[in-house]
Amino acid sequence: MTVTDVTRESVSSALEQGQGHLVVSHLNPPPSYDLDDHPVPTGREEIWRFTPLKRLRGILDGEASDAHLTWETTLPAGVTLREVGADEAVALGELAPNDRPSALAAANAGGAMLLDVPADAVVAEPVVLHLHGESVDDLVWGRLIIRVGTHADVTVVLNHTGSARYSAITTVVVGDGARANVLTLQDWDDDAVHLGRDAIRVGRDASVKHTSISFGGDVVRMHANVEYAGPGGEAELLGLYFADEGQHLEHRLFADHNAPKTKSHVLYKGALQGQGAHTVWIGNVLIRKVAEGIETYEENRNLVLTDGCQADSVPNLEIETGEIEGAGHASATARFDDEQLFYLRSRGVSEKEAQRLVVHGFFNDLIRKVGIPSIEDRLLETVETELAKNVLKELA
Amino acid sequence: MSTLEIKDLQVSVDTEDGPKQILKGVTLTIKDGETHAIMGPNGSGKSTLAYSIAGHPKYTVTGGTVTLDGEDVLAMSVDERARAGLFLAMQYPVEVPGVSVSNFLRTAKTALDGEAPKLRTWVKDVNAALKNLDLDPTFGTRSVNEGFSGGEKKRHEIAQLELLNPKVAILDETDSGLDIDALKVVSEGVNRFRAQEGKGVLLITHYTRILRYIQPDHVHVFVAGRVAESGGPALAEELEANGYERFLTATV
Ligand SMILES: Nc1ncnc2c1ncn2[C@@H]1O[C@H](COP(=O)(O)OP(=O)(O)OP(=O)(O)O)[C@@H](O)[C@H]1O
Ligand SMILES: [Mg+2]
């Protein structure tokens, strides 16, 4: 097996001490709405060093714009979608921006959309929001709050298509004992730029699944952050990406264990093909002093299908308490396994068909965890389409 | 009809200190319907022979020929060899995460036949093949070899042998790691296969135990990368009684 392990890891308990009880993780700048706290990056900053700033097409300059994506949805009874003012967004418990694009989105979006799922509502069908952009010339600022009431149960899908320069800040506030399954699908046209920050506050004994799927776009950089409003919360953070020639797909995770008896499980899998395909996965986990008895596991696997690709994978675990149930991480980047291909081919299966089986197999366990049947089927198809671009392409 | 003819086969592997020759001229012909047993000590090159015939990329053929019914096997890709009628039951079957046994088997069958098997009979055939090898039908939904016990892996190999039904089967230590019941189940599978007209078997083993269930037509003692002696079933009995001693001293 040819394995290029690009894992760089740090398990450190040496944290910068902030004021009072507040501990500042050096991996994650403190959240703030103040733009001065998020200066224009040079590219050398820890949180920016993997991102191709030039290809962000000026988003970081933060020009005002009232361009929008078109929103299309069918809301089930009881679920509402409406606009709220900036102050109300904050009052609803929005999690403050943690980087410049999300701070700019909060500042420039002019109010927020609120998707409101009332307490105790059990919504059978997924709530699908189709967000479509017309052109990469449009600079779009987005701000969304998803409020899931206590003991509610809902699945929300954000489906991004078309093109735009889109920077969005999204907060999911999950009430006590609720269940939320949130999936964001980046199925953009080739030239789109998408900077997204999803942050989730998990209520006491609530359980949340968040899945980020990136196929399209020139540059996609997504945060999935999770913190806990009380003990007993569980978060499962999933991701699947497929980077083609020249694409930059970046996923940044931050599980902030700020309450005891909480859980976070992270699994991201990606495939890369074509010259200049670049993926970045950053998995930050902070286990604070109060967070006794927590459990965390994070894993990132990358499958490199052709030459000329780069997969960066950086798990970071910062631990401030010794009283944890379990904490671990794994990261591996590999090419096709010769032994697997040989085994399949020795049964008569052609090389391309064997590669196809292996790639589907690689993603299968993840796709099955998504928990939204219509999306799972679509993901299998999309993996197939992606494979057709390279692995299955007949040589002329 | 099926004849596998191996002539003066020389094979090397790449090592850190350059290529190392493992097979030093192997000559062996498995005629129509014959079963040959190859017995030899650890490291003598038995798996190398099996893998080289199947076309594993790790091995470089530096001399000799292999033909199946006159066709040049060495010129074929790995999957072409399988489609030509060769099957290798591996000593260490490979795990393929996320690929279900039933999907794998259907894909292989489709590749071998050039068309997808009829759904209804196929499902029945798969279940029967698994059952024959004492494997629960739930194995169909499990990932190929993942989490299988050593014995289950071997039984899964023979289930494939029966379903894919090649011309010539090479069995690399299919008996090792099996308890006596599993050994019987596996042997019965191999015997069902070779009861058919014209099927060839190359049975690689360490122990004579399996030869009580699968009677070979010819026995070859394999030492240091070549056939040291060939004979009938009596040769296996001699090995059982005296071990490899006589052959080892002869080659040193
Ligand atoms: N990459 C390698 N570098 C050096 N030697 C190798 C390499 N691969 C195989 N060999 C050697 O080739 C020889 C033959 O190996 P092979 O696996 O064919 O033996 P075998 O007869 O099947 O043994 P066993 O009974 O243990 O299965 C061994 O001595 C082994 O160490
Ligand atoms: Mg061997």
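Computed over heavy atoms, backbone and side chain alike; hydrogens, waters and symmetry mates excluded.
With a 6.0 Å radius and a threshold of 12 heavy atoms from other residues, nucleotides or ligands, A/R179 has its CZ atom at or below the threshold. Counting heavy atoms of neighbouring residues, nucleotides and ligands inside a 6.0 Å radius, atom CG of A/D190 does not exceed 12 of them. Surrounding CD of B/E197 are at most 12 heavy atoms belonging to other residues, nucleotides or ligands under 6.0 Å away. Counting non-hydrogen atoms of other residues, nucleotides and ligands closer than 6.0 Å to NZ of A/K263 gives a total of 12 or fewer. Taking a 6.0 Å sphere around CD of A/E245, one finds it holds 12 or fewer heavy atoms contributed by other residues, nucleotides or ligands.
Not a single donor-acceptor pair under 3.5 Å links the side chain of B/D79 to the backbone N or O of A/R345. Between the side chain of A/Q340 and the backbone N or O of B/E95, at least one donor-acceptor pair lies under 3.5 Å. The main-chain N or O of A/G348 is found under 3.5 Å from a side-chain atom of B/R83 such that the two form a donor-acceptor pair.
Separation of atoms OG (B/S143) and CG (A/D365) is listed at 8.0 Å; rounding is to 0.5 Å.
For the set B/L112, B/L88, B/L105, the count of heavy-atom pairs under 4.5 angstrom toward chain A peaks at B/L88. Note: B/T107 leads B/T110, B/T107, B/L164 in heavy-atom pairs under 4.5 Å with chain A. Contacts with chain A were tallied for B/P166, B/S77, B/A108; B/A108 has the most, counting heavy-atom pairs under 4.5 Å.
Two residues are said to be in side-chain contact when any heavy atoms from C-beta on lie closer than 4.5 Å; B/N103 and A/L357 meet this criterion. Annotation: side chain of B/H56 is not in contact with side chain of A/S346 (no heavy-atom distance under 4.5 Å). Annotation: side chain of A/F362 is not in contact with side chain of B/P97 (no heavy-atom distance under 4.5 Å). Contact annotation: the side chain of B/V99 never approaches that of A/H360 to less than 4.5 Å [non-hydrogen atoms, C-beta and beyond].
B/P93 touches chain A through backbone and side chain together, each having a heavy atom under 4.5 Å away.
Of all the heavy atoms in A/F342 and B/P57, the pair that sits closest is CD1-CD, 4.0 Å.
The cationic group of A/R347 does not satisfy the cation-pi geometry with B/F104, failing either the under 6.0 Å distance to the six-membered ring centre or the 45° limit from the ring axis.
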